[in-house]
Structure formats: C-alpha cells, structure tokens
Novice: 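I'd like to ask you about the structure that follows.
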Number of protein chains: 2
Amino acid sequence: MNDKRDGKVEQVVDTLRAEITGLVLVPGQVLSRPALQERFGLSSTPLRDALIRLEGEGLVEIRPQSRTTVSLIDLEAAHRAHILRRALDMEVAQLVLSADAGPTLDAMAAVLERQAQLLGPDDRDAFDALDTEFHLLQYLCVGMEELWRMTQARSGHINRIRRMNLAARDNTSRILEDHRAIHAALVAGDPAGVAQAVRHHLTRSANTVGPLREVNPSFFR
Amino acid sequence: MNDKRDGKVEQVVDTLRAEITGLVLVPGQVLSRPALQERFGLSSTPLRDALIRLEGEGLVEIRPQSRTTVSLIDLEAAHRAHILRRALDMEVAQLVLSADAGPTLDAMAAVLERQAQLLGPDDRDAFDALDTEFHLLQYLCVGMEELWRMTQARSGHINRIRRMNLAARDNTSRILEDHRAIHAALVAGDPAGVAQAVRHHLTRSANTVGPLREVNPSFFR
DNA sequence: CGTGATCAACTGATGCATCAGTATGTCCAT
DNA sequence: ATGGACATACTGATGCATCAGTTGATCACG
C-alpha cells in the first residue's frame, strides 16, 4: 500500500469494507462501478484499484467483462483466517512474555475493566472494539502491528459471520473470562499457561454457522 | 487474484519475483516501465497491476510520479515474515497430528532421503526446493495451501538474504537434522515434541545478516 | 414447452493521451 | 564551495475511449 497513490483509494476500501462486513452490502449484491465512481468522486482507475484490493481481501468477486458482486461467505476461507489468527495470537503472546510488557499488561487490564462494564447484549459494538484492542495491544507490544493488520485484512468472512451472530447469542461473559485467563498467564510469566489460555480462547471463538446458514442460505458459498 | 484477468500479469509477477529474489535484479535497481512493457509484450495497465502486486509483496518500491525500484532488503519485514512463518508452521504441525497424515508422513520421509543425498554446498537449489517441499507437504495435508502461498508472498526479504548466504556457509546437514526431528515427532504423535522441534528449527533458521551487510551495505534499508 | 442460436446491451480490461508530481542539472547569490 | 531557485525531462497516475467478453431477451425449431 502506497499512501501517496492510495490515500483516496484506501478511504474507499475502508468504507466499502465496513459496509460489507456490516452487512449493509449483502453477499451476492451487485456493485455498480458507475454508481461507486459517482458516490466516491473518483474515476475508473482508482476505483478499479479499490475493488482489486477488496477482492484480495475476499470481500468482493470481480467477474471479468461481466460484473462485480459482494462475495458470498466462504466457510473455508473463514476457517483459514481463523487458523492464521490462532497461530499468530499464540506466537505473539509468547513474544510478549519475552518483552518489556509492563505498560501493555496495564493497558490490557484497563481494557478488561471496561469490558466488564459492557457485559450483556446491548453494547456489542463497544465490547467488540475492546475485544480488538485487547488483542491489538499485544501485537503492538512486540512491534507486530503489520501482522495484526494482515489478519484483519483476511477476516472479512469471519467478521460477517460474527455480525450475523451478534443478535443471536450473548458470549460477552465468556470472552471476558477468556481474556482474564490470558492476562493472568501473561502476568504470571507462564509460557505453557499462556499457550493454553490463548488456544482455549481462539478455539472457543470459532463461530457457529449452521443456524445462520438456514436463515440466509443465499449468503453462503 | 483473478485468473481470467491476471494470467499474463501473474507470469510477469512470477518472473520478476524470481529475478528479484535471485538477485538478478539487485536492491535499489531502477525498473523501467517502458522496457518492461516491451520485454513482456503488455501495455501500461497490466504492467501496473503486476508492479502493484510486487509492491504488495515488498519486492519493489513504487514512488508515485517518480520511479519504481527493486526494494532494499528490510530486516524488520524479514523478521515479521519469519515470525509469521514460525507461527504457522507450529499451528500446521499440530493440525497434521490430528489429521489422517499417513501418506504425508511417507512423502516427507521420501523428501528426507533425497535431501540426504544432496548434503553439502553444491546442490543448494535442489536442496532448497526439497526444503520447501518438506514444509509444503504439511500445509497441503491440512488443506492450508493458501496459507503457505501467503507466507511465500511475504518472504522476498528473507529469500534474498538466503540467496546471499548461499555461498557463505553450508547448513544443509543442520537443516536435515531438524527436519528429521520434526518428522520423528510427527510420527510419534507427540504434540509437545512437535512444537519443540518446529520452534527449534525455525529459530535456528533465522539467517545471519551482519557479514552480508558489510559486503553489500547498499542492499539494505 | 424446451432448447439452442442470435443479437444487443452491459460490464470490466486495456490502451494511450494527458495530468500531476519528482528529480536532476544549471545558474545565480552568498 | 554551498545553498536556493528555476526549468526541463522524466516518471507514474489518471481519465476516457475502445476493446473483449458476458448476460439476458427474443426468436426459431423440433
């Protein structure tokens, strides 16, 4: 990504990504390039760049000479993204143990407190943002922000599943419990405990799909 | 990546990537778009696509309105790629343990035998290809070829360091020894042993840079 | 009615001229 | 000698017309 070339393109990508993962633009929906050009005030080449970028994230499907659509949710891709996320969370947590992590552990504790005040189904967006912050802090602590951004760039399928699950069930207290276990193991400086807690959390975080697919079969590949 | 659009683009990317990682195109070298267009027989837009792709892999640096150069070797990026690789190798190895891995373990054993016949400094390209195969087999076994391709797409800096190290020292017997330990732990079905062997291998594989940088300081960021 | 062929409208990809920014060389002042 | 200003050549980005392929509607035939 190249800021001088891509400033406007990135804004378009961010906006469309949010609308796709927020299910404002639904799976299978056709995207009209002329309409997008007009909406975002850019011409064909930068819009093409933006759509190719989104295609790389698995969020849109460009059919040459034909049309561009919001991609259907691909469970295999979601699974791969989940494996990647788990692998990196495990590795980063071990690196945090070897790092000067005092300030990070403090910041993570503050996140836990804020999360504790948001338990329940009502403030899920805020809780979700804190969830992200809890994990991002670890990546930042060990200088791996770019790897975090990479996992996020591949999380479109997962994020859409999460979005569809939002109203279906409340798992905030379970997430908080897992986060607390991770934090405690990091504070204790226990490599095996950290590995176990992270793996446990990321394994439990695999989102259920069956019921969602029954309600919206056309959303899935 | 979109085959119908990108068939020719991918060929260009593959060729240039090989030349960059093989140090035929050296760090800092200016790439002339008109010359590349003529060489590969394509016009500005697909060549632009190819160069943007290579930029995404960290292999070229596109300076808007100015010029495009082969990227300097970035040690931080190399380190991140190495962390990613280690994390995924660890995760994939654990997945292999849970999989029906008989044929894969057999194929890996065959690779070990071929590697044993290539010890020493003379057939490093062939040894390297087998090294890749040894790891790729595990990813394929658990359906994670795409994640393997992702690690490779981020290995440009590492691969160039390896290339520069090729003539400097012979580590083939050490690599083979590590591979044998990984294979043995997989055969034994020992999760902890697998984790230890993979981590050991990937930690030992971090390539030395100091002497290379002294010989070719202009190659490094 | 079902199937296949044809055609026109539509879409994304490409080619290329123009635009926007960069880099270098030259000249001048200190 | 050094630094700044300026002009010019060069580069990559963009805009837009054209090209290449897709899709859906219509028609003909069995």
Side-chain angles (χ1 to χ4, degrees), chain A residues 1-17 19-20 25-72 156 218 221, chain B residues 1-17 19-20 25-72 156 218 221:
Chain A
M1 199 232 319
N2 193 320
D3 285 346
K4 280 204 183 158
R5 180 178 73 229
D6 290 336
K8 199 165 203 180
V9 170
E10 187 177 2
Q11 284 173 30
V12 173
V13 171
D14 287 346
T15 301
L16 291 179
R17 184 195 294 118
E19 292 183 6
I20 293 171
L25 296 172
V26 301
Q29 182 170 341
V30 173
L31 302 177
S32 155
R33 290 192 188 210
L36 291 175
Q37 281 174 230
E38 186 170 348
R39 175 180 168 194
F40 291 108
L42 67 172
S43 58
S44 64
T45 305
L47 176 66
R48 181 169 177 273
D49 287 351
L51 290 175
I52 289 175
R53 188 89 61 78
L54 288 165
E55 181 187 47
E57 297 191 16
L59 293 176
V60 304
E61 180 175 0
I62 299 171
R63 288 183 247 192
Q65 323 305 336
S66 178
R67 85 193 117 190
T68 296
T69 55
V70 176
S71 69
L72 302 181
S218 67
R221 166 154 283 155
Chain B
M1 199 233 318
N2 193 320
D3 285 345
K4 280 204 185 159
R5 182 178 72 231
D6 291 336
K8 200 167 202 178
V9 170
E10 188 180 358
Q11 286 175 26
V12 174
V13 171
D14 286 347
T15 301
L16 290 179
R17 185 196 293 117
E19 293 183 3
I20 292 171
L25 296 172
V26 301
Q29 182 169 343
V30 174
L31 301 177
S32 154
R33 292 192 186 210
L36 291 175
Q37 281 174 229
E38 186 170 349
R39 175 180 167 193
F40 291 108
L42 67 171
S43 59
S44 66
T45 306
L47 177 66
R48 181 168 176 275
D49 287 350
L51 290 174
I52 289 177
R53 188 89 60 80
L54 287 166
E55 181 187 47
E57 297 191 18
L59 293 177
V60 303
E61 179 176 2
I62 300 172
R63 288 182 247 190
Q65 324 306 334
S66 179
R67 86 195 115 188
T68 297
T69 55
V70 176
S71 69
L72 302 180
S218 66
R221 167 154 282 154

Novice: Would you kindly give the CG-to-P distance between Leu31(B) and dT11(D), to the nearest whole Å?
Specialist: 12 Å

Novice: Charged N to carboxylate O under 4.0 angstrom, Asp49(A) versus Arg48(B)?
Specialist: yes

Novice: Expressed as a whole number of angstroms, how long is the span from Asp49(A):CG to dT14(D):C1'?
Specialist: 10 Å

Novice: Taking only Lys NZ, Arg NE, NH1 and NH2, and the carboxylate oxygens of Asp or Glu, determine whether Arg221(A) and Glu61(A) approach each other closer than 4.0 Å.
Specialist: yes

Novice: Looking at Thr69(B) and Gln29(B), would you say the former's side chain and the latter's main chain have a donor-acceptor pair under 3.5 Å?
Specialist: no

Novice: Could you list by number each residue of residues 65-72 of chain A showing a heavy-atom separation from DNA chain C of less than 4.0 Å, or answer none if no residue does?
Specialist: Gln65(A), Ser66(A), Arg67(A), Thr68(A)

Novice: State whether Arg5(A) places a side-chain N or O below 4.0 Å from either non-bridging phosphate oxygen (OP1 or OP2) of dG21(C).
Specialist: no

Novice: Charged N to carboxylate O under 4.0 angstrom, Glu55(B) versus Arg17(B)?
Specialist: no

Novice: Quickly work out the Arg33(A) CZ to dT14(C) P distance and round it to whole Å.
Specialist: 11 Å

Novice: Between Ser32(B) and Val9(A), which residue's closest nucleotide on DNA chain D lies nearer the 5′ terminus?
Specialist: Ser32(B)

Novice: Taking atom P of dG12(C) as reference, at what distance in whole Å does atom CZ of Arg48(A) sit?
Specialist: 11 Å

Novice: Grab the CZ-C1' distance between Phe40(A) and dT14(D) for me, whole Å please.
Specialist: 18 Å

Novice: Output the rounded distance in Å from CD (Glu61(A)) to P (dT11(C)).
Specialist: 17 Å

Novice: Do the side chain of Lys8(B) and the main chain of Leu47(B) share a donor and acceptor less than 3.5 angstrom apart?
Specialist: no

Novice: Kindly say whether Ile62(A) contributes a backbone atom to a donor-acceptor pair with the side chain of Thr68(A) at under 3.5 angstrom?
Specialist: no

Novice: Could you state the interatomic distance from CD (Glu19(B)) to CG (Leu31(B)), rounded to the nearest 0.5 Å?
Specialist: 9.5 Å

Novice: In whole angstrom, give the distance that lies between atom CD1 of Ile62(A) and atom P of dT14(C).
Specialist: 11 Å

Novice: Which comes earlier along DNA chain D counting from the 5' end, the contact point of Arg63(A) or that of Pro64(B), where each point is its nearest nucleotide?
Specialist: Pro64(B)

Novice: How many Å lie between CD1 on Ile52(B) and P on dG12(D), as a whole number?
Specialist: 12 Å

